[in-house]
Amino acid sequence: MAPPPTQQTMKERILETADKLFYLQGIRAIGVDTIAAEVGISKRTLYNHFPSKDALIAAYLERRFVQPRPSDKPPAEQILATFDLLERRFAAKDFRGCPFVNAVAELGPADRAVKKIAVAFKESRRVWFRERLNALGVTEADALATQLVLLVDGSIAQDLVRDDPAMARAAKEAAKVLLRNAGVDVGDGTAKPVKGKRSPQ
């Protein structure tokens, strides 16, 4: 049975507030007292929806676990568009890096629940790349997907240090080199499946 709308709304308000504060100021820096005060509720009310800070952290990361939108564009265009999206995100004033990497860095690898969510997110992105590379007929799709993920994470780290959205463009150019080396034509910003190649099952 679905919870009453008022309970759902309050839970979402708490989660939205936690999301903003955890991401911008850090998970360790923000306690449940701060979140409750920001929402305008008691700590007891917060605990009625999230029994612990750990549960709230997990919900925050799961909320950030968003899959890319389906697209009818050619696979290589979708791959390269990832870096265009990153460049726009880097330019935003509220960009503070990858929330999953940040969480593991703050809480440490010993926090297995957080690490599990972070690994699942990173793997989902790698699989997303691999599926598109498979559609292009790239032979070593799995290895190339890993390399593309490294370009994504590397550009995020570089932007955080340099505060330069152009890092995403540099990563995109590197991605084009990798795709070309795999036999994918990206000369005009698009690509065609590689003839005569089959991706591993």
Side-chain angles (χ1 to χ4, degrees), residues 12-35 37-39 50 52-69 71 78-133 143-179:
E12 183 58 29
R13 280 178 57 199
I14 294 169
L15 192 51
E16 284 181 358
T17 302
D19 183 292
K20 178 183 70 175
L21 294 175
F22 283 159
Y23 183 68
L24 295 179
Q25 299 183 40
I27 293 172
R28 285 192 179 279
I30 298 298
V32 291
D33 289 327
T34 302
I35 295 168
E38 183 77 12
V39 178
F50 299 95
S52 66
K53 183 179 178 181
D54 286 345
L56 188 52
I57 293 168
Y60 152 63
L61 292 174
E62 287 165 1
R63 187 173 190 262
R64 290 265 173 171
F65 200 139
V66 180
Q67 295 292 348
R69 293 179 181 178
S71 173
Q78 293 183 47
I79 290 170
L80 295 176
T82 299
F83 299 94
D84 297 330
L85 179 61
L86 280 175
E87 185 172 1
R88 291 192 295 273
R89 190 70 188 95
F90 291 173
K93 293 181 179 179
D94 64 346
F95 182 70
R96 296 292 183 275
C98 173
F100 302 94
V101 171
N102 294 349
V104 173
E106 277 197 78
L107 303 177
D111 192 322
R112 295 183 178 180
V114 165
K115 187 174 181 181
K116 183 178 179 180
I117 297 171
V119 168
F121 174 79
K122 293 298 183 182
E123 180 62 11
S124 76
R125 287 299 182 262
R126 196 182 74 85
V127 169
W128 183 89
F129 278 125
R130 187 180 67 196
E131 288 172 349
R132 275 131 199 88
L133 293 167
L144 182 50
T146 299
Q147 293 165 5
L148 291 170
V149 166
L150 290 174
L151 286 177
V152 169
D153 287 338
S155 67
I156 291 172
Q158 284 292 317
D159 175 70
L160 284 175
V161 172
R162 298 172 180 269
D163 192 20
D164 184 0
M167 294 298 102
R169 262 175 280 151
K172 181 178 180 179
E173 291 306 309
K176 286 182 179 180
V177 172
L178 290 174
L179 290 170

At their closest point, which heavy atom of [X] faces which heavy atom of [Y], and how far apart are they?
{"X": "I156", "Y": "G97", "result": "CG2-CA, 3.9 Å"}
{"X": "A145", "Y": "L133", "result": "N-CD1, 3.6 Å"}
{"X": "F50", "Y": "I14", "result": "CE1-CG2, 3.6 Å"}
{"X": "T17", "Y": "E38", "result": "CG2-CG, 3.3 Å"}
{"X": "M167", "Y": "S155", "result": "O-CB, 3.8 Å"}
{"X": "A171", "Y": "L151", "result": "O-CD1, 3.7 Å"}

For [Y], does its backbone N or O pair with a side-chain atom of [X] as donor and acceptor, under 3.5 Å?
{"X": "D159", "Y": "D164", "answer": "yes"}
{"X": "K53", "Y": "I30", "answer": "yes"}
{"X": "N102", "Y": "C98", "answer": "yes"}
{"X": "E87", "Y": "R169", "answer": "no"}
{"X": "R132", "Y": "W128", "answer": "yes"}

Hey, are [X] and [Y] close enough for a salt bridge, meaning a charged N less than 4.0 Å from a carboxylate O?
{"X": "R63", "Y": "E12", "result": "yes"}
{"X": "D94", "Y": "R89", "result": "yes"}
{"X": "R13", "Y": "E16", "result": "no"}
{"X": "K122", "Y": "D153", "result": "yes"}

From [X] atom [atom1] to [Y] atom [atom2], the distance as rounded to the nearest 0.5 Å:
{"X": "Q158", "Y": "L160", "atom1": "CD", "atom2": "CG", "result": "9.5 Å"}
{"X": "L178", "Y": "L148", "atom1": "CG", "atom2": "CG", "result": "6.0 Å"}
{"X": "Q67", "Y": "F121", "atom1": "CD", "atom2": "CZ", "result": "8.0 Å"}

Can you check side chain to side chain contact (heavy atoms under 4.5 Å, CB included) on D163 and F90, steps first, answer last?
-> CA-CA 8 Å; D163 192 20; F90 291 173; over 6 Å; no
Evaluate the side chain to side chain contact (heavy atoms under 4.5 Å, CB included) criterion for residues D111 and V104: first the C-alpha distance (whole Å), next the side-chain angles of each, then the deciding distance (0.1 Å), finally the verdict.
CA-CA 8 Å; D111 192 322; V104 173; over 6 Å; no
Taking the side chain as C-beta and beyond, is there a heavy-atom pair between [X] and [Y] under 4.5 Å?
{"X": "L80", "Y": "L179", "result": "yes"}
{"X": "I27", "Y": "V114", "result": "no"}
{"X": "R125", "Y": "V152", "result": "no"}

### Message
Go through it in stages, so that I can follow the logic: the residues are F65 and L61, the test is side chain to side chain contact (heavy atoms under 4.5 Å, CB included), and I'd like the CA-CA distance, side-chain angles, deciding distance and then a yes or no.
### Response
CA-CA 6 Å; F65 200 139; L61 292 174; over 6 Å; no
Discussion item. Both conditions, 6.0 Å and 45 degrees, for the charged tip of R64 above the ring of Y23: are they met here?
Written reply: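 Output yes; distance and angle both within limits.
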> Can you check side chain to side chain contact (heavy atoms under 4.5 Å, CB included) on V119 and F100, steps first, answer last?
Replying inline: CA-CA 8 Å; V119 168; F100 302 94; over 6 Å; no
